[in-house]
Amino acid sequence: MQFPPPVTAQILLSLLRSAASSQLPALTRHIHAHLLKSCLLHSSPFPSSLFNAYTKSDLHLDAYILFDEIPHPDICLYSSLLAAHARYNSLSSFLSIFRRMISVHFLLPDDFVLATLVNACARFLSLRLGRQVHAYVLVSTFSSDDIVKSSLVDMYSKCGLPNDARWVFDSIELKSFVSLTAMVSGYAANGWIAEALELFWRMPERSVFVWTALISGLVRSGNGFEGLNLFVEMRREGTRIDDAFVLSSVVSASADMAMLAIGKQLHCLSVSLGYESNMMLGNAFVDMYAKCSDIASSRMAFDKILMNKCVVSWTTMIVGEAQHGRAEESLALFDRMVSSGVKPNEITFVGLIYACSHIGLVWKGRELFDSMLKDYGIKPSLKHYTCLLDLLSRSGHLSEAESLIQIMPYEPDEASWAALLSACNKHGDIQLGIHVADKLLRLKPQVSSTYILLSNTYAIAGKWDSVANARKLMDEMEIKKQPGYSWIEVGREGCLFQAGVVPLHMRENILALLKELMEEMKRRGYVPDTSSVLHDLDEDEKELQLFMHSERLAVAFGLLKSASGMTIRVLKNLRVCGDCHTVMKLISSISGREIVVRDANRFHHFECGRCSCGDFW
DNA sequence: TTAGGGTTAG
């Protein structure tokens, strides 16, 4: 390609900026060649613009080679290099560049470099360094720079200190759009919803940028519903969606709440807006379908990301397959990922060891754990140790699990001990179970699940006095078990169920259904778990109580709706274990319909009928 | 040249 004459420096600069914003590697390389030929490469601001275009187009190596070819890098080029290190490398590599800038090239940080430095502190959550930089900013000539202060607002918010963020924000005299967005985002991400909304609605105008900041902050702080409703508001206000950021956030919200109908609408909307091939959004859809138990669609969304599947795409699919018990597929995906040249990250290994845990593939789990550091330079974190511990525990390697917990280089947390304790119960190792429960009680005396696990341990050993003592201790300490919730999405409606609470208007239907279900279970030789002591109840009531106590009411409700001819998906918070699986199989075979179950650890409250179909259009 | 918005686990 030849540029038609005359090509001014101004035109070349505009072209470079377009190449950076639209991620055009071929154009970037072409301009690079042209700059070399016309001896413009070393004149400012070409080196920094070109560097920027390379990094934005994912050509990091080209960018670093370019930097090394410039004998006297100026502060602009250093600023770009530092921004790239903040985005793609470690804090230590960032700081070594920063030191080189000062001691080798004798350049002092300007407002651009300070903003980048604060941004790096935020990304790496280095509050200590962030405070030092803040102190430097206050005594520097940039103490009232809006951009630097906006990044400080962001840094404190990301470090979980919204009060400090507000202190900086209040010190900004003339608040720009950037500082307002940073504060709205900070409030929302820290769960300060009222403050976020107040500031947001007081803004004279709202761009898609600030809408995204608010919605994504809400989604990340576990307020997905508010996020989805605001997305509807945003569409009503007529805000133009000109990139995939806000869509990714709302897709993530629908994934978190397992709202398949909403997720599908968002998929249609994304296609109609032309973001079908956006990788980030594609990743969000892979995750959404997997979390909604539609693993086939998840795989289809994954296959649609034709080119440049990134580590997030692969990891999302690996975790999705693992969560559906398809460990072989997870491991095969990992092999494909490595052969395609994508380097796994720490989350990939969490997913892989989790996959092994599901099918008891102990040797493979150990092999993957060892290869993390050896082959990929990733130091196993506490999460990885807990995953390995879970794998060993579930598969009955209790003594190995116990020695692992002793030698691991981290202080075991609640999850580590709980994994071991529940395995002790499963495999009947009472002595070890009591020992572990003791550790867990010391660590988290206020957590109800510990007492429940401990009382289960005693129950397995037949020590009923100790069971009663554990329960009594719980009562004395006024520890309440958090109620379990289940929810079902039926067509356009979501219904929330709490264990032990039967909606009155459904009582008759549910009782009739349970009777049918119990008869079928007995016919197939399944003996219901009657360890719960149920006094003074007639047979129907007892059966109902059994279901209520084990969160299976939602399943029963699913069957009820299914029998009436509607498609049913039983979603989050249904514990998929033991007898519950049997019930699920029975229901699907009785009703002849597909019923999909997902197990989750988080609780989400859900109100009927909100965000119904069509709101996004 | 910088800043504010995004997707994967727990």
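Just so it is clear: chains get the letters A, B, ... in the order the sequence lines come, proteins before strands, and each one is counted from 1.
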If only side-chain N and O atoms of [X] are considered, is one of them under 4.0 Å from the OP1 or OP2 phosphate oxygen of [N]?
| X | N | answer |
| --- | --- | --- |
| A:S252 | B:dT8 | yes |
| A:K56 | B:dT1 | no |
| A:S150 | B:dG4 | no |
| A:N119 | B:dG4 | yes |
| A:K158 | B:dG5 | yes |
| A:S79 | B:dT2 | no |

If I take atom [atom1] in residue [X] and atom [atom2] in nucleotide [N], what distance separates them, rounded to the nearest angstrom?
| X | N | atom1 | atom2 | answer |
| --- | --- | --- | --- | --- |
| A:Y54 | B:dT1 | OH | P | 16 Å |
| A:L218 | B:dG5 | CG | P | 14 Å |
| A:W211 | B:dG6 | CH2 | P | 16 Å |
| A:L391 | B:dA9 | CG | P | 20 Å |
| A:K149 | B:dA3 | NZ | C1' | 14 Å |
| A:F285 | B:dT7 | CZ | C1' | 11 Å |
| A:R87 | B:dG5 | CZ | P | 12 Å |
| A:D287 | B:dG6 | CG | P | 15 Å |

Are A:Y78 and A:H85 close enough, and set up right, to give a ring pair (Phe, Tyr, Trp, His ring centres under 6.0 Å), and what steps lead you there?
-> CA-CA 10 Å; A:Y78 258 111; A:H85 275 267; over 10 Å; no
When all nucleic acid strands are considered with a 4.0 Å heavy-atom cut-off, which category describes [X]: base, sugar-phosphate, or nothing?
| X | value |
| --- | --- |
| A:D243 | base |
| A:S249 | sugar-phosphate |
| A:N345 | base |
| A:S49 | sugar-phosphate |

Nearest-neighbour nucleotide for the [X] side chain, [options] considered:
| X | options | answer |
| --- | --- | --- |
| A:K291 | B:dG4, B:dT8, B:dA3 | B:dT8 |
| A:S151 | B:dT7, B:dG5, B:dA3 | B:dA3 |
| A:N52 | B:dT8, B:dT1, B:dG4 | B:dT1 |
| A:I347 | B:dT8, B:dG4, B:dT2 | B:dT8 |
| A:V319 | B:dG6, B:dG5, B:dA9 | B:dA9 |
| A:P45 | B:dG4, B:dG6, B:dT1 | B:dT1 |

Step through it carefully: locate the ring centre of A:F124, locate the ring centre of A:F94, and say whether they are under 6.0 Å apart.
->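 Here the rings of A:F94 and A:F124 have centres that are no less than 6.0 Å from each other.
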Before giving the answer on side-chain contact (heavy atoms from CB on, under 4.5 Å), spell out for A:I378 and A:T348 the whole-Å C-alpha distance, their side-chain angles and the decisive distance to 0.1 Å.
-> CA-CA 11 Å; A:I378 302 169; A:T348 320; over 6 Å; no
Is A:P380 close to A:M408 at the side-chain level, that is, under 4.5 Å between some pair of heavy atoms?
-> no
State, with a plain yes or no, whether a side-chain heavy atom of A:S79 is found less than 4.5 Å away from one of A:T116.
->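 Answer yes - side chains close enough.
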Determine if A:F209 stacks with B:dG5; use a centre-to-centre distance below 5.5 Å and an interplanar angle below 30° as the criteria.
-> yes
More than 12 non-hydrogen atoms from neighbouring residues, nucleotides or ligands closer than 6.0 Å to CD on A:E411, yes or no?
->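 Atom CD in A:E411 is not crowded, with 12 or fewer foreign heavy atoms closer than 6.0 Å.
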Quick one: ring pair (Phe, Tyr, Trp, His ring centres under 6.0 Å) pairs with a partner in residues 146-185 of chain A, sequence neighbours left out?
->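 Pairs touching residues 146-185 of chain A that pass the test: A:H134-A:Y156.
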Given the rule in the ring pair (Phe, Tyr, Trp, His ring centres under 6.0 Å) test, do A:W211 and A:F231 qualify, once you have shown the distances and angles that lead to the verdict?
-> CA-CA 8 Å; A:W211 275 106; A:F231 181 67; 9.0 Å; no
Near DNA chain B, under 4.0 Å by heavy atom, which residues of residues 162-181 of chain A?
-> A:F177, A:V178, A:T181
Would you call A:K149 and A:D145 a salt bridge, taking side-chain N to carboxylate O under 4.0 Å as the test?
->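 The answer is no: the pair does not qualify as a salt bridge.
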